[in-house]
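Scroll down for the structure; my scribbles are underneath it.
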Amino acid sequence: MEFLHAFFIAPFVEMVDQPWFLFEVLVGGLSAGVMYSLVALGFVLIFKASGVFNYAQGVMVLFAALNLVGLMEWGVPVWLALILTVIIMIGLAFAVERLVLRKLVNQEPIILFMATIGLAFFLEGFGETIWGSDVRPLDIGIPDDVWFVGDAMLQQSDIFAAVVASFLVTVLALFFHYTRIGRALRAVADDHQAALSIGIPLNHIWIIVWAVAGFVALVAGVMWGARLGVQFSLAIIALKALPVLILGGFTSIPGAIIGGLIIGAGEKVAEVYWGSLFGGAIEEWFAYVVALVFLFFRPQGLFGDKIIERV
Amino acid sequence: MFYREAGVFKTTYSDDMALLPIPLDKFFVLSVIAFMVLVVPFIASEYWLESILIPVLILSLAAIGLNILTGYAGQLSLGTGAFMAAGAYLGYKFVTAFPDINIVVGVLVGGLASAMIGAVFGAPSLRIKGFYLAVTTLAAQFFLIWLFTKQPWFVNYSISGVPTAPPREIFGFLVTGAESNETARYLFVLSFVIVFALIARNLTRGRIGRSWMAIRDMDIAAELIGIKPLQTKLSAFAISSFYCGMAGALWAFCYINIVEPSAFDINRSFQILFMIIIGGLGSILGSFLGAAFIFTLPIFLNNAATGLGLEVSTALIRHVEFMIFGAMIIFFLIVEPHGLARMWSIAKEKLRMWPFPY
């Protein structure tokens, strides 16, 4: 009885009692969600264009952030370091296409998935061999004051991240809709064979999506790095992007964004209001269980393409 | 020339259905088993038994488990570590609750408990497929590890949270816990592995294994020819988790000698997935080869670095190791995506003709 009360009644009473606190929790969760979305976005781009489930996306976030911080420690100015990192990520895209994807054309999805796990190991080792594995702060001038809205305290950096993320998504959407390359990318996502037959070079497309995903990873890396410092755990946080993906659907960009927001807000609220009931730290698995329950009802995610199976 | 099927005449059905119909194969496998049982305990040093053979054998058992699920039934799982943990924790719970019951039963109970949990987490596989399913198995991974860490009931309210493995005897020899002799422990683990590898091999070539493979190749088509997806998928999950659970219990009781959550984290799941991919999906032999390869590769790289006399910090060695490991994985996938087991069968093909080209 006491448990039922604590489960069904007390949290809601608390929410109504202190609406500003709920607001604060929600905003905190949503901004974490934006971060998840940024990582998930990279996954979706690559999955759409090449059908590869890119496990290395999380490590790419770490790798980009490591490069940025490393270059800045050498005394390179911020803008130049950003440009150099983008160039490195494009180089990485080339290398991945040449050395990995091209050799594994026509293999089963699980083999490609394993190859990206191998890539994740490689990149992690490579980045840390060059730049070391200490935790390093990343300061590129993101504002970190707080604002007060009513009684709630909002981190400026959170708002900044949200603005950057929405800007990025808008740019990507425009890129996909109005440029020649964007159209080619959508064609490939739609049907590989048909795209090939009308003369779209698949290899170039792969390089481009990996480069774009690298760029998205850099943005995510900057945001996470500014928040938590650049360290290995960035790659682990990126695992949280997976439930975001299944919630939103593997093939949908808006799905990645909305899924991220739902997961981010949901897990924060659950942790704050229900966490102590189960002994805390339910954040670790809450997102996955939500995604699991959700998939029972919609196996293709919120916005994913309908799965049609034929014999 | 030396290895061939010609001249082997099968005159009865049982000959035809034998596990190893070719005499040379049979002789080879039996001699490997005899070598492992009779010779290795005498010639292997303590280091080899403790730090290489025992973990490789246990991981092979887990790899067989995952191979049943992923290789034979086609359900990708990233929750192997959690199912191992379920076996370890619930096995520990059983062994400490009933101290007089034989440890073999304890390990089996760990496996059974894990099988039940596996079947529960396998239920979504009826609706969810492919990578979506893989991500939902992560739910099992994170939820179970959290459960075992946060609920003190599972570790008998031990204050440290990581209880030591209880010492238990078989035929008067200690086989679990830190005080036990490594040879006894090795033989204990080895006998489990031999028995259950044999069972797995027979399962996979029987009716149930064939229905798994039909589900793997195309589940809708399999359903149309009368294979029930519910039973088939759930049995794959349950049996796979049973193997993983036993492996987890053995890992805690006979290798690390403590029951701790960090031994079964997500990296363990990935390690075992690597093993079956590198070893060969849908192959029992591949599970062994993959386990040996993936487990010894970092040790080998480490020794190679020190052997070359490189003056580098341990942190750097670890990073470079990661790099080489990742690169090797990619290299192997490119060169032989069907794994070491396929290489083995190619070698056998070659050996058939050798030394003639045709």
Side-chain angles (χ1 to χ4, degrees), chain A residues 47 53 55-56 99-100 103-104 107-130 132-133 236 239 242-243 245-246 249-250 278-293 295-301 304 307 309-311, chain B residues 70 74 76 78 121 123-124 126-147 149-152 218-224 266 270 273-274 276-278 281 315-316 318-335 337-338:
Chain A
F47 191 81
F53 188 89
Y55 179 78
L99 301 176
V100 183
K103 314 254 180 190
L104 288 172
Q107 293 293 353
E108 287 165 48
I110 184 174
I111 302 288
L112 282 159
F113 171 59
M114 292 311 292
T116 63
I117 299 182
L119 183 67
F121 273 93
F122 179 80
L123 278 183
E124 191 194 322
F126 185 58
E128 294 191 335
T129 305
I130 295 178
S133 54
I236 297 181
L239 271 182
L242 296 178
L245 277 175
I246 34 180
F250 281 157
F278 297 102
I282 63 172
E283 247 180 311
E284 280 172 28
W285 53 266
F286 183 78
Y288 293 95
V289 175
V290 167
L292 177 66
V293 172
L295 279 191
F296 258 121
F297 300 101
R298 256 187 94 80
Q300 72 274 38
I307 301 167
E309 287 183 281
R310 294 190 178 88
V311 175
Chain B
T70 304
L76 185 55
L78 300 175
F121 278 98
L126 297 170
R127 259 176 87 69
I128 307 168
K129 284 160 195 171
F131 287 120
Y132 285 96
L133 180 69
V135 179
T136 57
T137 55
L138 279 178
Q141 173 72 44
F142 288 106
F143 177 72
L144 289 175
I145 297 293
W146 171 85
L147 185 71
T149 319
K150 291 285 173 187
Q151 304 301 326
M218 180 147 229
D219 54 355
I220 294 183
E223 199 174 343
L224 289 177
I266 178 116
F270 277 121
L273 190 60
F274 273 137
I276 65 165
I277 303 264
I278 297 292
L281 283 171
L316 189 63
R318 210 166 42 90
H319 299 324
V320 174
E321 230 174 78
F322 258 78
M323 241 171 91
I324 297 179
F325 188 71
M328 295 274 285
I329 299 284
I330 296 177
F331 175 76
F332 255 92
L333 290 175
I334 290 171
V335 177
H338 298 285

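Computed from a prediction, not measured in an experiment: that's the story for all the values here. Every chain is numbered from 1, with letters handed out A, B, ... down the list of sequences.
- For the pair B/L333 and A/I111, the tightest heavy-atom approach, listed with the atom from each and the gap, is CD1-O, 3.7 Å.
- Shortest non-hydrogen contact noted between A/F122 and B/A327 is CD1-CB, 4.0 Å.
- Residue contact with chain A, scored on non-hydrogen atoms closer than 4.5 Å, involves the side chain of B/L76 exclusively.
- Rounding to the nearest 0.5 Å gives a distance of 4.0 Å between CG of B/L273 and CE of A/M114.
- There is no contact between B/T149 and chain A, counting heavy-atom distances below 4.5 Å.
- Between atom CG of residue B/L78 and atom OH of residue A/Y55 there is a gap of 8.5 Å, rounded to the nearest 0.5 Å.
- Among the candidates A/F53, A/F286, A/F47, the residue making the largest number of heavy-atom pairs closer than 4.5 Å to chain B is A/F53.
- Relative ring orientation between B/F142 and A/Y288 is described as parallel, the plane-to-plane angle staying below 30° on a 0-90° scale split at 30° and 60°.
- Proximity to chain A (any heavy atom under 4.5 Å) is shown, for B/L144, by neither the backbone nor the side chain.
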Next on the checklist: side chain to side chain contact (heavy atoms under 4.5 Å, CB included) for A/L292 and B/F143? Distances and angles first, verdict last.
Outcome noted: CA-CA 12 Å; A/L292 177 66; B/F143 177 72; over 6 Å; no
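- Highest contact tally toward chain B, considering only A/V289, A/T116, A/I117, is held by A/I117 [criterion: heavy-atom pairs under 4.5 Å].
- Contact record, B/I334 with A/K103: CG2-CB, 3.6 Å, taken as the closest heavy-atom pair.
- With ring centers used as reference points, A/F121 lies under 6.0 Å from B/F274.
- For A/L119, the parts sitting under 4.5 Å from any heavy atom of chain B are the backbone and the side chain alike.
- If you measure heavy-atom distances from A/E124 to chain B, the contacts under 4.5 Å come from the side chain alone.
- There is no contact between B/F331 and chain A, counting heavy-atom distances below 4.5 Å.
- Heavy atoms closer than 4.5 Å to chain B are found nowhere in A/L112, neither backbone nor side chain.
- Of the atoms belonging to B/I277, it is side-chain heavy atoms, and not backbone ones, that fall under 4.5 Å from chain A.
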